[in-house]
Amino acid sequence: MTAFKSDFLNILQERGFIHQCSDFEGLDALAAKGEAIAYVGYDCTARSLHIGNYLTMMMLHWLQQSGNKPITLMGGGTTMVGDPSGKDETRAMRTIAEIEGNKESIRGVFAKVLRYGNGASDAVMLDNAEWLTKLNWIEMLRDVGRHFSVNRMLTMDSVRLRLEREHEMSFIEFNYMVCQAYDFVELAKRTGCRLQMGGSDQWGNIIMGVDLGRRMGTHQLFALTTPLLTTASGAKMGKTAQGAVWLNADQFSPYDFWQYWRNTEDADVGKFLKLFTTLPIAEIKKLEALGGSEINEAKKVLATEATALLHGRDAANEAAETARRTFEEGALAESLPTVEIPRGELDAGLGVLNAFVKAGLVTSNGEARRQIKGGGLRVNDASVTDEKMALSAANLTPEGVIKLSFGKKKHVLIKPA
């Protein structure tokens with residue numbers, strides 16, 4: 001393990017954030033002096049960011065904690081183009097109104113892990129629509145486009161993999177890396193930014209920006225990426241039966257977020273404690289050394305600390321208590337995730353397969369049937385054995401809800417409205 005001069009790189013290395021860097025020595029010297037101004041870009045493709053974005057947010061967090069300055073760049077402009085990285089098909093084009101709505105919905109999450117203000121190491125938020133939407137096409141081609149080699153662009157993973165699979169790539173997508181590279185140069189000129197960070201799938205795009213800065217006469221720019229998230233079993237991290245692990249509480253509740261971390265594979269506990277909590281390394285080492293059933297206590301600490309960082313300590317403690325009452329006491333905790341359905345649907349008889357789909361516990365009737373055959377679904381803690389079962393007012397508990405369970409750890413309340 002390399003010993004760096006800067007707290008920033010030492011922290012990132014110790015906690016497992018580093019995948020690639022364009023110049024460790026140069027970046028280390030800059031960060032050691034507290035002069036590393038760095039950004040991560042976040043496109044506004046959905047109303048919430050997801051767990052993969054949270055990883056780069058934590059990189060910005062540790063940058064700030066080590067006395068350097070973070071920039072969160074909203075992709076109001078690049079979202080109009082669409083990042084082709086990791087995609088086999090063109091992203092759906094979003095309207096300006098959709099992008100603005102997503103942008104507003106996303107903004108608030110950054111303040112959970114970053115401190116914004118006017119101080120030397122306070123975070124700032126910018127939007128690349130401010131410059132990208134004002135560019136003149138001919139001037140862009142002459143001043144910026146001339147620095148790009150199409151030959152090299154065709155070797156970038158985002159382009160090469162699409163072409164190798166013989167999937168069409170539109171001209172607008174082909175220009176995404178130009179826009180992202182130009183963002184880096186623009187931020188260098190406007191703010192003195194020196195570093196762009198991102199997931200390893202962004203390496204090619206970020207290096208394009210470093211090279212463009214050199215060609216257009218900026219100060220030296222740096223690239224730093226983090227590994228893509230996978231579990232110990234090799235699965236891509238961040239997916240559940242309900243879909244993506246969103247960061248906004250209205251799209252993925254604090255309880256669901258807590259449960260997501262509680263269900264971590266044993267071999268991943270130490271890794272995720274380092275990446276997604278701010279616990280000291282010494283404490284993390286003690287937790288990951290636990291064996292047997294004691295590892296479950298470490299998972300609870302991971303779940304509570306990760307949830308507290310994003311949703312606040314009160315929400316994390318409530319989620320932990322809800323889980324304890326539900327699993328250890330078998331009680332019906334009213335703070336379980338709740339899905340409202342029209343009273344008329346219950347009065348008419350709500351098919352059990354449809355109920356589990358509506359609750360988000362399974363993705364289809366077919367999956368519900370398979371889980372019933374395996375004994376995985378329960379209504380009010382009783383196993384479902386008949387796929388033609390219909391839920392009605394007779395199934396309501398004294399609290400006026402119906403508790404649906406998938407396995408031992410996933411529970412949703414159905415409530416008539």
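- Nearest heavy atoms, W203 versus A223: CZ3-CB, 3.8 Å.
- In terms of modelled atom types and a separation under 3.5 Å, the side chain of D122 and the main chain of G119 share a donor-acceptor contact.
- Side-chain atoms of M197 and L195, non-hydrogen and from C-beta on, do get closer than 4.5 Å to each other.
- Here K103 pairs with E100 in a salt bridge; the nearest charged N to carboxylate O distance falls below 4.0 Å.
- Ring centers of W261 and F272: under 6.0 Å apart, within the cut-off.
- With hydrogens and angles ignored, the 3.5 Å screen pairs a side-chain donor or acceptor of D28 with a backbone N or O of K5.
- Under the 4.5 Å side-chain criterion, counting only non-hydrogen atoms from C-beta, L73 is not in contact with V40.
- Inter-residue side-chain proximity for K415 and R343 is flagged as unmet; no heavy-atom pair is nearer than 4.5 Å.
- Between E139 and R142, no side-chain nitrogen of the basic residue sits less than 4.0 Å from a carboxylate oxygen of the acidic one, so the salt-bridge criterion is not met.
- Counting only N and O atoms by type, the side chains of S253 and D256 include a donor and acceptor under 3.5 Å apart.
- For the atom pair CG of L187 and OG1 of T218, the computed distance is 11.0 Å after rounding to the nearest 0.5 Å.
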Before you tell me yes or no, could you show the steps for D183 and W131 under side chain to side chain donor-acceptor pair (under 3.5 Å), namely the whole-Å CA-CA distance, both residues' side-chain angles and the distance that decides it to 0.1 Å?
CA-CA 8 Å; D183 281 345; W131 51 84; 2.8 Å; yes
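- Side chains of R115 and S121: a donor on one and an acceptor on the other come within 3.5 Å.
- Checking side-chain atoms of H219 against main-chain N and O of C193 turns up a donor-acceptor pair under 3.5 Å.
- Here R47 does not pair with D250 in a salt bridge; the nearest charged N to carboxylate O distance is not below 4.0 Å.
- In the model, Q180 has a side-chain atom that pairs as donor or acceptor with a side-chain atom of Q196 under 3.5 Å.
- Taking the six-membered ring for Trp and the full ring otherwise, the centers of F110 and Y116 sit at least 6.0 Å from each other.
- You'll find the side chain of L221 stays beyond 4.5 Å of the side chain of R214, heavy atoms only.
- With H61 contributing its side chain and V113 its backbone, the two residues share a donor-acceptor pair below 3.5 Å.
- Put simply, the side chain of M208 reaches to within 4.5 Å of the side chain of M153, judged on heavy atoms.
- Under a 3.5 Å cut-off, the side chain of D23 and the backbone N or O of E25 do form a donor-acceptor pair.
- Put simply, the side chain of R194 gets close to the backbone of Q220: a donor and an acceptor are under 3.5 Å apart.
- Residues F4 and F24 place their aromatic rings such that the two centres sit under 6.0 Å apart.
- Taken to the nearest 0.5 Å, the CD1 atom of I71 stands 9.5 Å off from the CG atom of L63.
- When the options R262, K274, R313 are evaluated for a salt bridge (Lys or Arg N to Asp or Glu O under 4.0 Å) with E305, the one that passes is R313.
- For the pair I96/M80, a side-chain contact is recorded, criterion being any heavy-atom separation below 4.5 Å from C-beta on.
- Side chains of T231 and D268: a donor-acceptor N/O pair is absent below 3.5 angstrom, by distance only.
- Between the side chains of T307 and Y255, not a single donor N or O lies within less than 3.5 Å of an accepting N or O.
- Ion pair E288/K271 not flagged as a salt bridge, since none of the NZ, NE, NH1 or NH2 atoms sits closer than 4.0 Å to an Asp/Glu carboxylate oxygen.
- Put simply, the side chain of N128 gets close to the backbone of G76: a donor and an acceptor are under 3.5 Å apart.
- Ionic pairing of R324 and E321 is present here: one or more N-O contacts between side-chain nitrogen and carboxylate oxygen are shorter than 4.0 angstrom.
- Between E186 and K189, no side-chain nitrogen of the basic residue sits less than 4.0 Å from a carboxylate oxygen of the acidic one, so the salt-bridge criterion is not met.
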